[in-house]
Amino acid sequence: MRHLRLNRAARTSALGTAALIAALSLTACQDGGQAAADASVATPGTSDTQPSADAGAPAPRAGGAAGSDSGKDSALDTGQASGSDSVSGTGSGSGPTKADPAAATRQDGGKDTGPVTRACDGGNSKVTLTPVPRPLNHMLLTVTNTGSTACNAYYYPFLRFGEAQSTPPVIEESKPQAVVTVLPGESAYAGVMTSSADGSGTGGYSTRKAVVHFQGRDGSGSTGPSANAPLSKAVYVDSTLSVTYWQTDMDDALMY
């Protein structure tokens, strides 16, 4: 009986061992199959010798992006930067910049530096010389552009009364900030003090003749034709006779 029990126990142990081995083998097969299936799903149709996507990508061109999408982005970025510079005029690109325009009446030290260089003279202008109530013993000299283009009234008028051999001095305090440019149909003005109000002047005389000579751009003397300034009555002048620089406003011309 004891021998029979030992044989049954040995047979049971052998059967258990065989069952365990079979179960372990089945589990291993299932794990291997699942791993193979996972690998097949993750990388279909690949092998150990196939190059990776990075290895097969084209090298970037000089100055551009490697792919078409990157190239578009680069072109858009470049266009936006260029467009911004072009509109604002303040960028560092090649767009237009806002430049300072040349002023027709700009000057430096009394000399014109603008585009208008033609001098007003008796050939393109007319002059009038009229008395004014204030200041005393003053007259207003007006030059009007009768031409079709602008002209510059340079410096101050050379004014001669009667048979005078010299022209009156200019009042330096009246020097304007810019050369006066006279457009067609417009006028410039100069004030004329004919005599002293307190009678301190000397060598006085009366005349009904006045002639105006005009200065050129270089200020070296008169230029172009002179112009007669008709007088409605005789004017008394003495040694205090003086004129202002040409002005754009008659009030400025009569303030000296």
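Numbers for residues simply follow the sequence, beginning at 1. Just so you know, these numbers come straight off a predicted model, no measurement behind them.
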### Task
Apply ring pair (Phe, Tyr, Trp, His ring centres under 6.0 Å) to Tyr256 and list each qualifying residue two or more places apart in sequence or on a separate chain.
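Expected list: none.
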Of all pairs that satisfy disulfide bond (SG atoms under 2.5 Å apart), the ones with a partner from [range], not counting sequence neighbours:
range            : result
residues 195-250 : none
residues 209-256 : none
residues 134-239 : Cys120-Cys151
residues 220-253 : none

### Query
What salt bridge (Lys or Arg N to Asp or Glu O under 4.0 Å) pairs are there with at least one residue in residues 200-212, not counting sequence neighbours?
Glu163-Lys209
### Task
Scan for salt bridge (Lys or Arg N to Asp or Glu O under 4.0 Å) pairs involving residues 118-144, sequence neighbours excluded, and state none if there are none.
none
A side-chain contact here means heavy atoms from C-beta on lying under 4.5 Å apart; do [X] and [Y] qualify?
X      : Y      : result
Asn145 : Leu183 : no
Ser195 : Val237 : no
Leu254 : Val132 : yes
Thr167 : Arg160 : yes
Thr142 : Thr130 : no

When hydrophobic residues are tied together by side-chain contacts of less than 4.5 Å, even through go-betweens, does [X] share a cluster with [Y]?
X      : Y      : result
Leu241 : Leu231 : yes
Val243 : Met193 : no
Val170 : Val143 : yes

Please report the shortest heavy-atom distance between [X] and [Y], naming the atom on each side.
X      : Y      : answer
Ala150 : Pro184 : N-CD, 4.0 Å
Thr144 : Gly185 : CG2-O, 4.1 Å
Ala188 : Val182 : CB-CG2, 3.7 Å

### Message
Strictly by ring pair (Phe, Tyr, Trp, His ring centres under 6.0 Å), give each pair with a member in residues 192-235 just once, sequence neighbours left out.
### Response
none
### Gly122 backbone acceptor or donor facing Ser125 side chain under 3.5 Å
no
### Message
If we ignore hydrogens and angles and just use 3.5 Å, is the side chain of Tyr154 paired with the main-chain N or O of Thr117 as donor and acceptor?
### Response
yes
### Query
Got a second to check how far Asn137's CG is from Tyr236's OH, nearest 0.5 Å?
10.0 Å
### Query
If you round to the nearest 0.5 Å, how far is CE of Met255 from CD of Glu173?
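Taking CD in Glu173 and CE in Met255, the distance rounds to 10.5 Å.
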### Task
Decide yes or no on ring-ring contact (aromatic ring centres under 6.0 Å, His included) for Tyr156 and Phe158, but give the supporting numbers first.
CA-CA 7 Å; Tyr156 56 92; Phe158 289 152; 5.8 Å; yes
### Pairwise side chain to side chain donor-acceptor pair (under 3.5 Å) hits with a residue in residues 240-249, at least two apart
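Applying side chain to side chain donor-acceptor pair (under 3.5 Å) to every pair that reaches into residues 240-249, excluding sequence neighbours, yields Glu172-Tyr245, Asp238-Thr240.
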Which residues pass the side chain to side chain contact (heavy atoms under 4.5 Å, CB included) test with [X], sequence neighbours left out?
X      : result
Ser200 : Ser196, Asp198
Met250 : Leu140, Tyr189
Pro131 : Met139

### Query
Are side-chain N/O atoms of Thr181 and Asn152 paired as donor and acceptor at under 3.5 Å?
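A donor-acceptor contact under 3.5 Å links the two side chains.
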